[in-house]
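Quick caveat, the model's predicted, so the values are computed rather than measured.
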Amino acid sequence: MNKNTKILLIGLFLGLFVIVSQASAAGLVPCGQHADDPNTSDIDESASCTLCHFFILIEKVLEFIFFNITPPLALLMLIIGGGMFMLAT
C-alpha cells in the first residue's frame, strides 16, 4: 500500500468518527429515556423498550446510511472515477 492510499484510508476512518458523533447526538434508541423530548418525534421516549422500538431503531440506522452516507460517497466515487478516466493513457 502506498503512502497516498494510507493517508486516504486514515482520513476516511477519522471522518467516520465525525459522522458517528453526530448520529449519537440525535438519539437512535427511541425508548428507555428519563424524560420524553417533545421536539424529536411523536414517539413517547420515556416508555419502556419493546420489539417495535427495535424496528424503529433499524429504520433510523438505514435512513442515516441511505441519506447521509451514500450520497457523499457516491459523489466521491464519481469524482475519483472521472479523474481516473481523464488521466488514463
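Scanning for side chain to side chain contact (heavy atoms under 4.5 Å, CB included) contacts around L8 gives L12, with sequence neighbours left out.
When all heavy atoms of F66 and T70 are compared, the pair lying nearest together is O-CB, 3.6 Å.
One hydrophobic cluster holds both F54 and I65 under the rule that ILVMFWY side chains link at heavy-atom gaps under 4.5 Å. Under the 4.5 Å side-chain heavy-atom criterion for Ile, Leu, Val, Met, Phe, Trp and Tyr, L62 and L57 are members of the same hydrophobic cluster. Hydrophobic cluster membership differs between L76 and L87, with clusters built from Ile, Leu, Val, Met, Phe, Trp and Tyr side chains linked at under 4.5 angstrom.
The CG atom of N4 lies 11.0 Å from the CG atom of L9; values are rounded to the nearest 0.5 Å.
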